Colleague: 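Structure below; questions to follow.
One-based numbering along the sequence shown. For the numbers below, each heavy atom of this structure counts, side chains included, while hydrogens, waters and symmetry mates do not. For clarity, every value in this text was computed on a predicted model and none was experimentally measured.
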Amino acid sequence: MSSRGAAGSDTERTAEHARPDHFLLHLSDTHLLIPGGKLYDAIAPERSLQRIFADLEASGTRPEAIVFTGDLADHGDAEAYRLLRSIVEPAAERLGAQVIWCMGNHDDRQTFRRELFGQARNRRPVDRVYDVNGLRVITMDTSVPGHHHGELTGAQLDWLAEELASPAPHGTILALHHPPLPCIQDLAVMVELRDQAGLKEVVEGSDIRSILAGHVHFSTNGTFAGIPVSVASATCYTQDLTGQSRGTRPQDGNQSYNLVHVYDDTVLHSVVPVAAGLTMSATSAEESAEILAAHGVTIPEQVNAHLPSRVFDRVDEELELMTQPISVIRP
């Protein structure tokens with residue numbers, strides 16, 4: 001609501017939207033190697049990741065969760081996952097954010113499960129559910145061991161349908177590696193998510209508010225079953241889309257990640273480049289608040305109050321381990 005002065009200008013005004021109910025970071029395709037390793041013999045993939053978290057901490061940004069949508073380790077090496085954890089987990093703790101890991105086609109299920117979750121090694125898909133203060137985040141493992149295309153089995157789709165049968169208080173974010181979108185590079189058809197119709201049947205009409213993905217190494221977006229799909233570019237190297245329209249050309253440039261702001265009635269996905277440009281001017285948060293107050297503009301607080309996140313204790317961890325099949329090594 002607003003009241004207008006004699007000159008017709010707003011003397012008091014409430015912003016069109018309240019502050020977001022939830023704020024997440026979305027990163028993808030870190031492709032870390034063992035310490036000292038380089039992609040294409042040129043790129044140390046951990047460097048951009050280190051810069052991202054240094055910049056985030058310096059900015060005062062405080063996300064509730066950090067979602068990684070797969071291809072975390074280029075060869076699925078245990079040392080690469082340990083390097084990833086050494087960069088991400090201390091920063092996440094300082095930021096006060098949950099860390100949400102999702103499998104990609106370059107990841108190894110057994111090593112992924114052991115190094116990131118401390119679970120017994122097994123080859124089952126790594127599908128999980130997270131509670132982020134009332135917002136549900138579901139990660140689905142679209143990897144097919146030994147291949148680079150993506151698939152979801154019938155059992156996985158049944159599991160997802162069962163999870164979605166009960167709506168979450170603030171809705172659901174679905175995170176997976178292979179995006180359920182068309183491929184604009186011909187060779188990407190070889191490694192796309194197959195049998196997308198089955199996924200569409202499950203998610204259509206559900207409380208899923210956004211689908212987060214990666215895999216293609218460039219930022220893009222579309223819709224699937226009426227749901228917005230946001231694909232985060234890679235943090236390691238990207239695809240140069242100014243090359244031949246139907247070819248591919250990897251480049252060391254344009255690495256980025258996404259900010260995800262979840263509002264009561266919409267979800268925003270904003271691309272942030274790792275390499276910042278020249279700063280032209282700056283207005284601090286305090287100065288912004290003073291300007292808004294001087295103009296009588298108020299931004300309402302979030303619509304949906306945060307709910308306490310479920311905290312996994314030792315019993316939860318032991319039960320989870322007990323329900324995972326343990327591989328038996330026979331002589």
Colleague: Which atom pair, heavy atoms only, marks the closest approach of Leu176 to Cys102?
Modeller: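 Of all heavy-atom pairs spanning Leu176 and Cys102, the closest is CA-SG, 3.7 Å.
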Colleague: Side-chain contact test, heavy atoms from C-beta onward, threshold under 4.5 Å: evaluate it for Val260 versus Val262 and give yes or no.
Modeller: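 Val260 vs Val262: side chains touch.
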Colleague: So, for Tyr257 and Leu27, which heavy atoms are closest and what is the spacing to 0.1 Å?
Modeller: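 Taking Tyr257 first and Leu27 second, the nearest heavy atoms are CB-CG, 3.8 Å.
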Colleague: Kindly check if the number of other-residue, nucleotide or ligand heavy atoms within 6.0 Å of NE2 (His306) is above 12?
Modeller: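 Correct, the count exceeds 12.
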Colleague: Given side-chain contact (heavy atoms from CB on, under 4.5 Å), test Leu160 with Val203 step by step and report yes or no.
Modeller: CA-CA 8 Å; Leu160 178 60; Val203 304; 4.2 Å; yes
Colleague: So, taking the atom named CG in Leu164 and the one named CH2 in Trp159, what distance separates them when rounded to the nearest 0.5 Å?
Modeller: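 Answer for the CG-CH2 pair, Leu164 versus Trp159, is 8.5 Å.
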Colleague: Would you confirm whether Asp74, through its side chain, and Leu33, through its main-chain N or O, come within 3.5 Å as a donor-acceptor pair?
Modeller: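 Not a single qualifying donor-acceptor pair exists.
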Colleague: Distance check, rounded to the nearest 0.5 Å: Asp127 atom CG versus Thr142 atom OG1?
Modeller: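 That separation rounds to 9.5 Å.
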Colleague: Evaluate the side-chain proximity of Phe68 to Thr139: yes if any heavy-atom separation is below 4.5 Å, no if none is.
Modeller: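 Contact flag for Thr139/Phe68 side chains = no.
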Colleague: Any side-chain heavy atom of Arg19 sitting closer than 4.5 Å to one from Tyr263?
Modeller: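 A side-chain contact under 4.5 Å is absent here.
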Colleague: Determine whether Ile227 and Arg209 make a side-chain contact, defined as any pair of heavy atoms from C-beta on separated by less than 4.5 Å.
Modeller: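 When only atoms from C-beta onward are counted, Arg209 and Ile227 do not touch, as no gap falls below 4.5 Å.
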Colleague: Looking at Arg128 and Asp141, is any side-chain nitrogen of the basic one under 4.0 Å from a carboxylate oxygen of the acidic one?
Modeller: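 Salt bridge between Asp141 and Arg128, a charged N being under 4.0 Å from a carboxylate O: no.
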Colleague: Does atom CZ of Arg62 have more than 12 heavy-atom neighbours, drawn from other residues, nucleotides or ligands, at distances under 6.0 Å?
Modeller: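 Enclosed.
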Colleague: Test of understanding: clusters of I, L, V, M, F, W, Y form through side-chain heavy atoms closer than 4.5 Å, transitively. Do Leu268 and Val67 belong to the same one?
Modeller: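 Unlinked, Leu268 and Val67 end up in two clusters.
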Colleague: Check for me, please, whether Val191 and Leu152 land in the same ILVMFWY cluster - side-chain distances under 4.5 Å, paths through other members count.
Modeller: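 Unlinked, Val191 and Leu152 end up in two clusters.
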Colleague: Between Gln255 (side chain only) and Asp252 (backbone N and O only), is there a donor and an acceptor less than 3.5 Å apart?
Modeller: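 No; zero donor-acceptor contacts below 3.5 Å.
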Colleague: In the structure I gave you, are the side-chain heavy atoms of Asn105 and His147 within less than 4.5 Å of one another anywhere?
Modeller: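 No, their side chains stay 4.5 Å or more apart.
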Colleague: What distance do Glu151 atom CD and Glu192 atom CD have between them, rounded to the nearest 0.5 Å?
Modeller: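 Separation between the atoms: 11.0 Å.
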Colleague: Within a radius of less than 6.0 Å around CD of Glu89, do more than 12 heavy atoms belonging to other residues, nucleotides or ligands occur?
Modeller: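 It does: Glu89 CD has more than 12 such atoms within range.
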Colleague: Would you say Ile100 ends up clustered with Leu259 if hydrophobic residues are merged whenever their side chains have heavy atoms under 4.5 Å apart, either directly or through other cluster members?
Modeller: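 Yes, Leu259 connects to Ile100 through the hydrophobic network.
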Colleague: State whether the side chain of Thr172 and the backbone N or O of Val137 hold a donor-acceptor pair below 3.5 Å, judged by distance alone.
Modeller: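 Checked: no pair found.
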Colleague: Looking at every heavy atom in both Ala44 and Lys38, which two are closest together, and how far apart are they?
Modeller: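 Looking at all heavy atoms of both residues, the closest pair is N-CG, 4.3 Å.
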Colleague: Using a distance-only test with no angle check, is there a side-chain donor-acceptor pair under 3.5 angstrom linking Ser28 and Thr69?
Modeller: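 Side-chain D/A pair, Ser28 to Thr69: present.
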Colleague: Any idea which heavy atoms bring Cys236 and Asp29 closest together, and the distance?
Modeller: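 Distance-wise, the nearest heavy atoms are SG-O, 3.2 Å.
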Colleague: Would you check if the side chain of Ser59 reaches a backbone N or O of Leu56 as a donor-acceptor pair within less than 3.5 Å?
Modeller: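 Side chain of Ser59 to backbone of Leu56: a pair is present.
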Colleague: Got a second to check how far Phe23's CZ is from Thr61's OG1, nearest 0.5 Å?
Modeller: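 One finds 5.0 Å between CZ of Phe23 and OG1 of Thr61.
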Colleague: On a heavy-atom basis, which atom in Val267 and which in Ser210 lie closest, and how many Å separate them?
Modeller: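 For Val267 and Ser210, the tightest heavy-atom pair comes out as CG1-CB, 4.1 Å.
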Colleague: With a 4.0 Å cut-off on N to O distance, would you call Arg85 and Glu115 a salt bridge?
Modeller: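 So Arg85 does not pair with Glu115 through a salt bridge.
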Colleague: Same cluster for Val274 and Phe53 if Ile/Leu/Val/Met/Phe/Trp/Tyr side chains link at under 4.5 Å?
Modeller: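 Yes, same cluster.
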Colleague: Under a 3.5 Å distance rule, please check whether Gln156 uses its side chain to pair with a backbone N or O of Thr153 as donor and acceptor.
Modeller: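 Yes; judged by distance alone, with no hydrogens or angles, the pair exists.
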Colleague: Would you say the side chain of Leu292 lies within less than 4.5 Å of the side chain of Ile299, judging by non-hydrogen atoms?
Modeller: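 Yes - at least one pair of side-chain heavy atoms lies under 4.5 Å apart.
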Colleague: Looking at Gln239 and Pro250, what are the two nearest heavy atoms and their distance?
Modeller: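 For Gln239 versus Pro250, the nearest heavy atoms are OE1-N, 3.8 Å.
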Colleague: Do the side chains of Leu84 and Thr30 get nearer than 4.5 Å, heavy atoms only?
Modeller: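 A side-chain contact exists here, since the closest heavy-atom pair is under 4.5 Å.
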Colleague: Is there a path of hydrophobic side-chain contacts, each under 4.5 Å between heavy atoms of I, L, V, M, F, W or Y residues, that connects Val88 with Ile34?
Modeller: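 No, it is not one cluster - the side chains of Val88 and Ile34 are not joined through contacts under 4.5 Å.
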Colleague: Is there a side-chain contact (heavy atoms from CB on, under 4.5 Å) between Leu72 and Leu32 once you walk through the steps?
Modeller: CA-CA 6 Å; Leu72 307 182; Leu32 293 194; over 6 Å; no
Colleague: Sub-3.5 Å donor-acceptor pair from the side chain of Glu93 to the main-chain atoms of Gln98, do we have one?
Modeller: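 Side chain of Glu93 to backbone of Gln98, a donor-acceptor pair under 3.5 Å: no, none is there.
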Colleague: With side-chain contact (heavy atoms from CB on, under 4.5 Å) as the criterion, how do Val272 and Ile52 come out once you've worked through the C-alpha distance, each side chain's angles and the decisive distance to 0.1 Å?
Modeller: CA-CA 10 Å; Val272 182; Ile52 286 170; over 6 Å; no
Colleague: Tell me yes or no: between the side chains of Gln119 and Asn122, is some donor less than 3.5 Å from an acceptor?
Modeller: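 Looking only at side-chain atoms, Asn122 and Gln119 do not form any donor-acceptor pair under 3.5 Å.
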Colleague: How long is the span from the OG1 atom in Thr248 to the CG atom in Asp240, to the nearest 0.5 Å?
Modeller: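 The CG atom of Asp240 is 10.5 Å from OG1 of Thr248, to the nearest 0.5 Å.
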Colleague: Sub-3.5 Å donor-acceptor pair from the side chain of Arg136 to the main-chain atoms of Asp131, do we have one?
Modeller: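 A pair under 3.5 Å: no.
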Colleague: Report the C-alpha distance between His22 and His170 in whole Å, list the side-chain angles of each, state the deciding distance to 0.1 Å, and finish with yes or no for ring-ring contact (aromatic ring centres under 6.0 Å, His included).
Modeller: CA-CA 9 Å; His22 298 281; His170 299 171; 5.0 Å; yes
Colleague: Main chain of Asp264, side chain of Asp21: is a donor-acceptor contact present, judged purely on distance under 3.5 Å?
Modeller: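 Judged by distance alone, yes, a pair lies under 3.5 Å.
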Colleague: Do His26 and Ser230 have side-chain atoms, one donor and one acceptor, less than 3.5 Å apart?
Modeller: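 His26 vs Ser230: no donor-acceptor pair found between side chains.
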Colleague: May I ask you to decide if Arg124's main-chain N or O and Arg113's side chain share a donor-acceptor pair within less than 3.5 Å?
Modeller: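 Yes.
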Colleague: With respect to His177, which candidate in His106, His215, His217 satisfies the ring-ring contact (aromatic ring centres under 6.0 Å, His included) definition?
Modeller: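 The single option meeting the ring-ring contact (aromatic ring centres under 6.0 Å, His included) with His177 is His215.
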Colleague: Could you measure the distance from the CG atom of Leu181 to the CZ atom of Phe224? Nearest 0.5 Å is fine.
Modeller: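 Taking CG in Leu181 and CZ in Phe224, the distance rounds to 8.5 Å.
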Colleague: Are the side chain of Asp107 and the backbone N or O of Asp71 linked by a donor-acceptor pair below 3.5 Å?
Modeller: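 Answer holds: yes.
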Colleague: Contact between Arg109 and Ser143 at the side-chain level, heavy atoms closer than 4.5 Å - yes or no?
Modeller: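 Yes, side chains in contact.
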Colleague: In terms of relative ring orientation, are Tyr237 and His31 parallel, tilted or perpendicular, with 30° and 60° separating the classes?
Modeller: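 Because their plane-to-plane angle lies in the 30° to 60° range, the rings of Tyr237 and His31 count as tilted.
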Colleague: When you measure from the centre of the six-membered ring of Phe112, is the NZ or CZ of Arg121 under 6.0 Å away and within 45° of the axis?
Modeller: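 No, Arg121 and Phe112 do not form such a contact.
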